[in-house]
Amino acid sequence: MNRKAKFAAIASAVAAVCAVALLGKGKKGEMLEDELYATVQEGPLVISVEEYGEIAPSQQIVLKNEVQGRCSIISLIPEGSIVKEGDVLVQLDVSSKIDERDNQEITLQNAESSLEVAREALEIQKNQSASDVELAEEAYIFAKEDLEKYEEGEYPAKLVNQKGQLALKEQQVKQAKDKYEWSKKLFAENFISETELESDELNWKSTQLSLETAQRELEVLETYTHRRDLAKFKSDVKQKEMALIRAKKKAASAIAQSESDLRAKESEFRKQRQRLDKLTNQIEKATIRAPRSGQVVYANESSRNREPLQEGQEVWERQELIRLPTADTFAAKINLHEANLKSISTGMPVRVRCDALPGQVYAGVVTKIAPMPDNERRWMNQDLKEYPTEVLIEGGSGEIKNGMGCKVEIIVEQYEKAVYIPVQCVVRIAGSAFVWVKGPVGGERRQVETGLSNNRFVRILNGLTVGEQVLLAPPLSDSVGGADTELAGDASQESVQ
């Protein structure tokens with residue numbers, strides 16, 4: 001039998017005893033034979049909600065397994081041990097990750113070598129590209145200079161020389177002709193021989209032929225040779241210019257390719273470095289140390305791990321393993337049923353009783369109510385919706401221990417003077433509250449206005465006077481209107497369950 005069932009049984013027994021104590025009596029103090037009545041009381045009334053829970057430090061550090069995947073516990077400090085900051089609490093098995101780290105170090109070294117090769121290749125490519133571009137620029141400059149030298153130097157010089165040769169040939173022809181004409185006169189007067197005449201004639205014809213050759217050469221130079229050489233030099237300039245452009249583009253492309261390769265090698269190196277750092281970090285996290293001094297408490301509340309922590313046990317990532325208190329104060333952890341949420345809020349006063357400390361009552365206050373129900377409990381029972389609630393306990397240092405079972409009584413309302421009756425006396429019919437008041441011939445139905453209730457009593461706001469007697473076991477159905485009835489303790493929306 002769990003704690004709630006035990007508490008419900010005890011509460012029922014107490015209610016029965018109270019009901020007997022409050023049994024209605026006749027004017028002469030005699031109890032009716034077939035019906036039991038309770039007297040309407042006036043006095044202090046406490047409306048509260050009681051839940052069972054567990055004592056826990058109000059502030060604590062939760063140490064989790066931060067190693068990815070699953071791993072086994074190699075060593076585990078005994079629960080309850082007092083530790084100092086830096087002490088080893090848990091050692092996890094990460095031998096496979098150690099092997100993986102060793103292999104990763106080799107991979108990182110290879111990536112670093114590839115990175116250095118890529119850097120050297122980029123420098124070589126930059127030098128080669130600069131050299132290629134420089135050679136292309138020089139060739140282009142020389143081609144332009146050759147064109148300029150031809151247009152302004154070589155061709156004018158050839159033209160002048162050829163024209164000078166032509167003028168000289170013309171003069172030679174004239175002189176040779178004049179000599180031949182004179183020789184004819186001398187031959188006619190027999191001053192020279194026929195042989196000398198023929199020699200002068202041959203010389204004249206030879207100079208005429210040299211003149212014609214010089215004229216042809218000048219014509220070829222001006223008409224063909226100059227045009228061809230000029231086109232050749234201009235074409236050479238254009239070709240060298242295009243070669244320079246190609247060299248620059250080729251150099252830029254080669255450098256860009258080398259830079260891209262270098263970036264890829266750098267990215268690969270960073271990725272391998274990060275992977276090695278991650279493996280190293282995971283191996284370091286396999287040794288869980290105490291971040292501060294305190295008493296070790298195992299975290300065994302997860303529904304996936306009902307067994308206590310022990311060496312050799314397999315744990316998963318983000319699983320809570322150890323808890324270390326960070327304060328001397330304690331809190332009570334309870335689960336609040338959804339039916340009580342409307343009546344309970346933070347700041348309400350609380351009385352806490354520990355199972356291990358009978359007779360001791362500690363004051364407290366509700367400090368936290370979870371906005372969502374406990375999913376783990378809901379997983380076990382879909383209809384059960386309970387909200388984790390925390391109660392800060394005032395005092396108890398040195399007496400209260402972590403993990404103690406406790407009963408928490410949340411004070412919803414306290415009245416110094418209130419009219420009240422047992423909750424089983426009130427029945428709801430079509431949303432209205434009714435009681436059966438003792439009359440001359442038995443119980444007579446009367447509508448009343450109720451306030452909050454606890455597990456035993458309900459406050460009466462209007463409809464009854466102190467001293468009247470009401471039926472403890474009212475009928476569960478009524479003939480008026482044919483409406484079904486419900487007990488106030490089960491259906492009243494104003495009651496605190």
Side-chain angles (χ1 to χ4, degrees), residues 2 53-108 272-335 355-356 370 374-380 388 390 400-406:
N2 57 31
E54 186 175 286
I55 299 295
S58 59
Q59 298 178 11
Q60 60 184 355
I61 298 175
V62 179
L63 303 178
K64 300 179 180 180
N65 170 28
E66 297 185 15
V67 179
Q68 291 182 342
R70 290 177 174 269
C71 54
S72 300
I73 298 176
I74 297 177
S75 63
L76 178 67
I77 193 169
E79 187 172 20
S81 301
I82 304 299
V83 296
K84 297 180 180 179
E85 182 178 352
D87 288 350
V88 177
L89 305 180
V90 182
Q91 181 64 56
L92 301 174
D93 181 14
V94 286
S95 54
S96 60
K97 293 187 180 297
I98 293 176
D99 295 338
E100 190 176 353
R101 181 195 60 186
D102 295 339
N103 293 331
Q104 184 60 29
E105 288 178 346
I106 298 175
T107 303
L108 179 62
Q272 299 302 335
R273 167 62 70 182
Q274 291 172 357
R275 186 174 182 184
L276 177 61
D277 292 341
K278 183 177 180 179
L279 286 170
T280 303
N281 181 259
Q282 288 283 292
I283 293 172
E284 291 175 353
K285 288 181 177 179
T287 303
I288 302 176
R289 299 180 180 274
R292 56 158 292 158
S293 301
Q295 185 178 27
V296 174
V297 178
Y298 292 169
N300 297 312
E301 296 180 358
S302 174
S303 62
R304 298 172 61 186
N305 181 27
R306 292 298 183 183
E307 297 181 359
L309 293 179
Q310 57 186 339
E311 294 181 359
Q313 182 179 356
E314 189 178 63
V315 294
W316 56 89
E317 184 182 0
R318 309 305 300 169
Q319 178 180 341
E320 296 181 359
L321 302 178
I322 302 291
R323 295 179 180 177
L324 285 178
T326 60
D328 295 332
T329 57
F330 290 90
K333 308 287 186 177
I334 62 173
N335 286 291
D355 298 342
D374 188 341
N375 288 329
E376 292 183 356
R377 289 177 175 267
R378 189 177 180 183
W379 176 78
M380 293 183 291
E390 184 175 306
I400 298 179
K401 302 296 182 183
N402 183 37
M404 284 185 174
C406 63

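Annotation: the span from Lys285 atom NZ to Lys64 atom NZ amounts to 12.0 Å, rounded to 0.5 Å. With rounding to the nearest 0.5 angstrom, the CD1 atom of Ile288 is 9.5 Å from the CG atom of Leu76. If you take CZ on Arg292 and CD on Glu85, they are separated by 9.0 Å, rounding to the nearest 0.5 Å. If you take CG on Asp93 and CD1 on Ile74, they are separated by 4.0 Å, rounding to the nearest 0.5 Å. One distance of note links CG of Asn335 with CD of Glu54; it measures 11.0 Å at 0.5 Å rounding. Rounding to the nearest 0.5 angstrom, the gap separating the CG atom in Leu321 from the CD atom in Glu66 is 10.0 Å.
With sequence neighbours left out, Glu105 forms a salt bridge (Lys or Arg N to Asp or Glu O under 4.0 Å) with no residue at all. Lys278 is linked by a salt bridge (Lys or Arg N to Asp or Glu O under 4.0 Å) to nothing, counting only residues two or more places apart in sequence or in another chain. Residues satisfying the salt bridge (Lys or Arg N to Asp or Glu O under 4.0 Å) criterion with Glu314, sequence neighbours excluded, are Arg70.
Side chain of Asn65 to backbone of Trp316: a donor-acceptor contact under 3.5 angstrom is found. At distances below 3.5 Å, at least one donor-acceptor pair connects side-chain atoms of Ser58 with backbone N or O atoms of Thr329. No side-chain donor-acceptor contact under 3.5 Å links Glu311 to the backbone of Ile73. Listed for the Gln272 side chain is no donor-acceptor partner under 3.5 Å among the backbone atoms of Gln104. In terms of modelled atom types and a separation under 3.5 Å, the side chain of Glu317 and the main chain of Cys71 share no donor-acceptor contact.
For Ile55 against Asn402, the heavy-atom pair with the smallest separation is O-OD1, 3.2 Å. Listed here is the closest heavy atom pair of Val83 and Ala290: CG2-CB, 3.9 Å. The two residues Gly86 and Arg289 make their nearest non-hydrogen contact at O-NH1, 3.1 Å. Glu390 and Lys333 make their closest contact through OE1-NZ, 2.5 Å (heavy atoms, listed as atom of the first residue, atom of the second, distance). Across Ile61 and Pro291, no two heavy atoms sit closer than the pair CD1-CG, 3.8 Å. Here the shortest heavy-atom pairing between Pro325 and Pro57 reads CG-CG, 3.6 Å.
Between Arg275 and Glu100 a salt bridge is recorded (basic side-chain N to carboxylate O distance below 4.0 Å).
The shortest side-chain heavy-atom distance between Arg101 and Leu276 falls under the 4.5 Å cut-off. The shortest distance between side-chain heavy atoms of Gln295 and Leu324 does not fall below 4.5 Å.
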**OP:** Would you check, one step at a time, whether the test side-chain contact (heavy atoms from CB on, under 4.5 Å) holds for Val67 with Val94?
**Re:** CA-CA 8 Å; Val67 179; Val94 286; 3.9 Å; yes

Subject >> Step-by-step side chain to side chain donor-acceptor pair (under 3.5 Å) determination, Gln91 to Thr287 >> reply: CA-CA 5 Å; Gln91 181 64 56; Thr287 303; 2.7 Å; yes

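Screening Thr280, Ile283, Leu92, Asp102 for a side-chain contact (heavy atoms from CB on, under 4.5 Å) with Lys97, the sole residue that qualifies is Ile283.
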